[in-house]
2 protein chains.
Amino acid sequence: MAENLFQEIKSVIDITDEDAQKFLSLTKEKTVKRNEFFIREGDTAKYIAFVLSGILYTYYVNEKGEKHIVQIALETHWVSDLASFLSGAPADFNVQAIEEAKLLILSKADFEKACQNIKGFERYFRILVQKAYVHAQKRISKIYGNSAEERYLELLESAPDIMQRVPQHYIASYLGIKPQSLSRIRKNLIKK
Amino acid sequence: MAENLFQEIKSVIDITDEDAQKFLSLTKEKTVKRNEFFIREGDTAKYIAFVLSGILYTYYVNEKGEKHIVQIALETHWVSDLASFLSGAPADFNVQAIEEAKLLILSKADFEKACQNIKGFERYFRILVQKAYVHAQKRISKIYGNSAEERYLELLESAPDIMQRVPQHYIASYLGIKPQSLSRIRKNLIKK
DNA sequence: TGTATTACTTAACCTATGTGAATGTTTTTG
DNA sequence: CAAAAACATTCACATAGGTTAAGTAATACA
């Protein structure tokens with residue numbers, strides 16, 4: 001089962017099988033049921049998780065009480081409130097399961113251990129954060145330069161699995177629009 | 001002059017004066033004149049820069065030929081196309097001076113040296129990327145949850161120096177709106 | 001299995017921002 | 001210093017997406 005993570009790590013950095021195994025042994029399995037929280041806003045994010053199966057989503061609630069989804073994580077994604085996990089500050093985000101999810105979780109203490117004792121691990125992690133950053137940048141680009149319809153079509157192309165497995169109103173929130181608007185957009189697209 | 005960077009590093013990580021000095025000695029000064037490029041889309045970002053004085057802005061041009069500003073960097077900010085700098089891939093962004101800027105630049109090779117030889121430097125850098133990531137996340141939140149007027153007011157409060165020193169149409173682009181719209185928003189605010 | 005809940009669609013109307021064009025202002029540069 | 005270029009403002013009109021409210025379909029769970 002942890003095979004997935006083994007693969008993922010080896011695809012990002014050069015690492016011996018022993019070191020990769022050493023890292024895996026620091027993780028623990030955890031199941032999060034549908035609608036259960038993995039991380040709650042205000043708590044400290046004690047763990048970072050690698051998704052083995054199922055779906056989680058990350059969102060925040062703004063001052064007006066509106067919920068905004070910032071990430072939808074399927075299999076082989078890492079998920080946490082990174083800022084909180086790394087700094088110990090209270091989390092800004094909630095992370096909750098859309099579908100029951102199986103995770104490999106890594107605690108802060110074990111994360112630090114891995115950084116110090118496993119060659120290449122800090123590097124793996126830096127690259128992970130870096131990728132997340134680049135992804136966030138791209139997302140900003142798309143919000144600005146494209147209409148909701150364009151963003152919808154792009155998501156449809158780049159992540160068809162998300163579209164199939166995630167209820168539409170989550171997708172609307174991820175796209176930054178209301179469910180009614182997504183409905184309207186889909187209707188217009190059918191006409192074309 | 002490099003004093004600023006010295007301070008900045010010490011404010012982020014525990015590092016001896018010697019190590020900080022060692023790091024500083026790897027950087028070189030460079031001046032970028034008004035409207036000159038520091039990084040050009042398509043080139044590899046060979047350097048990362050710490051801004052000593054002046055202003056730079058980072059933007060990309062989308063398929064429709066529209067320019068979108070993603071960052072405005074004043075004194076004490078780091079600037080580059082991180083993804084390109086770290087991976088060697090062609091840059092997605094342009095970085096150009098709005099006001100003549102004095103920089104401390106660090107080459108990829110020297111960056112690698114610093115990571116290997118200076119204790120705590122990889123950590124400093126991971127934290128830097130992490131901060132950039134958190135900032136990008138926050139930006140996404142704000143684009144979604146707030147109107148252009150709200151975003152304008154927030155920028156006015158959080159970065160008054162930018163507002164004073166940067167022409168309005170750059171700010172409009174950073175806010176994701178057209179100059180005419182920013183003009184209208186400002187007019188409406190005066191009425192209130 | 002049936003009822004309660006949650007998700008999705010549609011439609012009429014509203015609002016913020018975009019568009020294009022005209023005009024004035026400020027800055028740059030020969 | 002003058003002409004050109006870049007920047008800012010205003011306005012009338014267009015449009016994407018929000019809002020409210022209603023109806024229908026799908027799902028959950030007692």
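Just so it is clear: chains get the letters A, B, ... in the order the sequence lines come, proteins before strands, and each one is counted from 1.
- The side chain of B:Pro167 sits closest to D:dC7 out of D:dC7, C:dG18, D:dT19.
- Nearest to the side-chain atoms of A:Ser183 among the listed nucleotides D:dG17, D:dA8, C:dT10 stands C:dT10.
- By the rule that hydrophobic residues join a cluster once side-chain heavy atoms approach within less than 4.5 Å of another member, A:Leu52 and A:Val32 end up as members of separate clusters.
- Salt bridge annotation for B:Lys113-B:Asp110: present, with a cationic side-chain nitrogen under 4.0 angstrom from a carboxylate oxygen.
- In this structure, B:Glu150 atom CD and C:dT17 atom C1' are separated by 14 Å, rounded to whole Å.
- Side-chain polar atoms of B:Glu112 and B:Gln116 form no donor-acceptor pair below 3.5 angstrom.
- Between the CD atom of B:Glu100 and the C1' atom of C:dT28 there is a distance of 16 Å, rounded to whole Å.
- Residue A:Leu182 is the one, among B:Ser181 and A:Leu182, whose nearest nucleotide of DNA chain C lies closer to the 5' end (criterion: closest heavy atom).
- Along DNA chain C, the nucleotide closest to B:Ile185 and the one closest to B:Gln180 are compared, and the more 5′ of them pairs with B:Ile185.
- Rounding to whole angstrom units, CD of residue A:Glu149 and P of D:dG17 are separated by 8 Å.
- Checked for salt-bridge contact, B:Arg34 and B:Glu99 miss the test: no charged N lies under 4.0 Å from a carboxylate O.
- Side-chain atoms of B:Gln168 lie closest to D:dA8 of the nucleotides D:dC7, D:dA8, D:dG18.
- Nucleotide C:dA16 holds its C1' atom 14 Å from the CG atom of B:Asn146, rounded to whole Å.
- Counting non-hydrogen atoms under 4.0 angstrom, A:Arg186 reaches the backbone sugars and phosphates but no base.
- Between the P atom of D:dT10 and the CZ atom of B:Arg184 lies a distance of 11 Å, rounded to the nearest Å.
- Under the 6.0 Å distance and 45° angle rule, B:Arg139 does not count as a cation-pi partner of B:Tyr144.
- Between A:Glu66 and B:Tyr170, the residue anchored nearer the 5' end of DNA chain D, judged by the nucleotide with its closest heavy atom, is B:Tyr170.
- Here the P atom of nucleotide D:dG17 and the CZ atom of A:Arg151 are 7 Å apart, to the nearest Å.
- Of the listed nucleotides (C:dT19, D:dT19, D:dG17), C:dT19 has the atom at the smallest distance from the side chain of B:Lys178.
- For B:His169, whose side chain is taken as the heavy atoms from C-beta onward, the closest listed nucleotide among D:dC11, C:dC8, D:dA8 is D:dA8.
- What separates NZ of A:Lys64 from P of D:dG18 is a distance of 12 Å, to the nearest Å.
- Judged by closest nucleotide on DNA chain D, B:Val166 is the one of B:Val166 and A:Ile177 placed further toward the 5' end.
- Atom NZ in A:Lys187 sits roughly 15 Å away from atom P in D:dA16 (whole-Å rounding).
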